[in-house]
Amino acid sequence: EHVTCIENMSTRAGCLNLHILAECRTTKARVCGLTLPHYTVDTPVFMPVGTQGTMKGLTTEQLQTIDCHIILANTYHIGHRPGVDVIKKAGGLHTLMKWPRAMLTDSGGFQMVSLLKLSEVTEEGVCFQSPHDGSQMMLTPEKSMEIQNTIGADIIMQLDDVVHSTTTGTRLTEATHRSVRWLDRCIKSQNNPNTQNLFAIIQGGLDAELRKSCLKGNYSNSRCVCVLVYMCVCVLLTAMVERETPGYAIGGLSGGEEKCYFWRMVTLCTDYLPRNKPRYLMGVGYAVDLVVCCALGCDMFDCVFPTRTARFGTALVPTGQLNLRQTQFAADHRPIDTHCRCLTCSKYTRSYLHSITNQQTVSCHLITIHNLTYQMDLMRGIRESISNNSFPQFITSFMSAMYPDKQYPDWAVEALASVNVKL
């Protein structure tokens, strides 16, 4: 038996209710009902990214058709375009884009890394130069909250001082202390606690002992880590958990670090974060990563990968990816995936998609529908297998399809072995 069913395990924080429905006895995976102001989200869940209040290539009706429960929008980009005034007059982004289900907005902090050459970080906030028109924008914790309160998302993120995942030394020290102070400013300036849930973001580098000690509040052993950096990151994580925000995000990963470090940081965080709060792993969207990190105990994920790769003609399938631009698909009259339920697979062939990829915008639309359907169905399969006692078998079947030669990535083998699943 691989699952524990949870009766009446329901926790309310802010305007969020987390109901733990089932837990895998073999791994740390779990199924929850996450009730938010606009919708009840089934977790584990993948959140497609609609950067500027739109999912490139899809309508909101199509997102509902593929059973998308929650989407992500980007505070920095929406603050530039369409802008706060437009959103305010519309009554919030849900109304403006006609999206009736749940929404999460990031804080704009990630752009400190992605737009590094265009930004300058001070104690006040981050000064960005717009990549669109060159105009200046000062994003402070208060401004991030103002924009996110106007957008009206169900879940809003604190503004943190984001550094690259491999950063060490004084810059990490500075960012660590500043993120705590910025969280306090976000909490103080969050005007809609009864309708929006503010999540803290857990950072902390790539040293396992450091993160573990931080989460437990133990400052006694630096393990060759610079004492100053060690102490300040301990303060960061301990302080954030003590503030008891409605949920927590695991940040500072998926930034190019080696996967052997990545999974260890993920599992460390899920070990020590509160069981009764949702755990959001930021920036993760590859299928293998999703399956492994569900086993490690994460509830929520987001990434631009499925939609971005669709715009380059790449379709996601159980065996990996199909680059439909390649000539081998010119006379292939099968659907992308014979088992897929999406509109694209029910009507169009690989041959047709090959003929229009990079030539017609409709190709982006059709492949995006398929890729997001793939992600939704993958997460549904994970949830169902956890609930019906078969998640370990789901993992092995998934990995066998993805790697028929059994040459599994070492990091995935190690990560799954840590939660009692042997490939």
Side-chain angles (χ1 to χ4, degrees), residues 1-6 20-32 42-46 67 250 253-254 258-271 275 279 281 284-303 305-306 309 314-322 335-342 345 370-423:
E1 186 174 60
H2 297 290
V3 69
T4 299
C5 292
I6 309 298
I20 303 175
L21 302 172
E23 292 180 309
C24 177
R25 288 184 177 176
T26 302
T27 71
K28 295 193 288 181
R30 62 189 191 170
V31 175
C32 302
D42 297 329
T43 72
V45 65
F46 176 79
D67 200 28
I250 302 169
L253 300 174
S254 299
E258 294 182 31
K259 284 293 184 71
C260 61
Y261 297 118
F262 162 81
W263 79 261
R264 287 180 170 86
M265 297 305 100
V266 172
T267 200
L268 186 70
C269 288
T270 58
D271 277 344
R275 175 175 175 270
R279 308 156 181 166
L281 180 56
V284 168
Y286 293 123
V288 172
D289 297 6
L290 293 171
V291 171
V292 172
C293 291
C294 283
L296 298 181
C298 296
D299 302 313
M300 305 167 66
F301 308 87
D302 81 280
C303 191
F305 169 69
T309 199
T314 300
L316 307 180
V317 293
T319 54
Q321 301 177 26
L322 300 180
I336 294 173
D337 181 356
T338 55
H339 301 291
C340 180
R341 63 184 173 89
C342 79
C345 288
H370 168 79
N371 283 359
L372 289 183
T373 301
Y374 172 84
Q375 298 286 99
M376 299 302 113
D377 288 352
L378 174 62
M379 303 312 292
R380 183 184 300 105
I382 291 171
R383 293 192 299 267
E384 290 177 352
S385 67
I386 296 169
S387 297
N388 65 21
N389 307 341
S390 61
F391 185 51
Q393 292 90 338
F394 177 93
I395 294 172
T396 55
S397 176
F398 167 86
M399 294 296 285
S400 293
M402 193 67 69
Y403 301 97
D405 59 0
K406 309 301 182 186
Q407 297 299 306
Y408 306 119
D410 289 341
W411 75 270
V413 173
E414 294 170 357
L416 292 170
S418 76
V419 287
N420 310 306
V421 177
K422 295 184 178 181
L423 296 178

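- In summary, Lys259 and Asp289 engage in a salt bridge, as defined by a charged side-chain N under 4.0 Å from a carboxylate O.
- The two atoms that bring Asn420 and Thr26 nearest to each other are ND2-O, 3.0 Å, heavy atoms only.
- Between Phe46 and Cys303 the shortest heavy-atom distance is CZ-O, 3.5 Å.
- Counting heavy atoms from C-beta outward, Gln393 and Ser390 have side chains that approach closer than 4.5 Å.
- For the residue pair Met402 and Thr319, the shortest heavy atom distance occurs at SD-C, 3.7 Å.
- No donor-acceptor distance shorter than 3.5 angstrom exists from the side chain of Thr309 to the backbone of Pro306, with no hydrogens or angles considered.
- Within the 3.5 Å criterion, the main-chain N or O of Val317 finds no donor-acceptor partner in the side chain of Asp337.
- Atoms CE and CG, on Met379 and Asp67 in that order, are 12.5 Å from each other to the nearest 0.5 Å.
- Residues Leu281 and Met300 are not in side-chain contact: their nearest non-hydrogen atoms beyond the backbone lie 4.5 Å or more apart.
- In this structure a side-chain-to-backbone donor-acceptor pair under 3.5 Å is missing from Thr43 to Val45.
- Between Arg264 and Glu414 a salt bridge is recorded (basic side-chain N to carboxylate O distance below 4.0 Å).
- You'll find the side chain of Leu21 stays beyond 4.5 Å of the side chain of Ser387, heavy atoms only.
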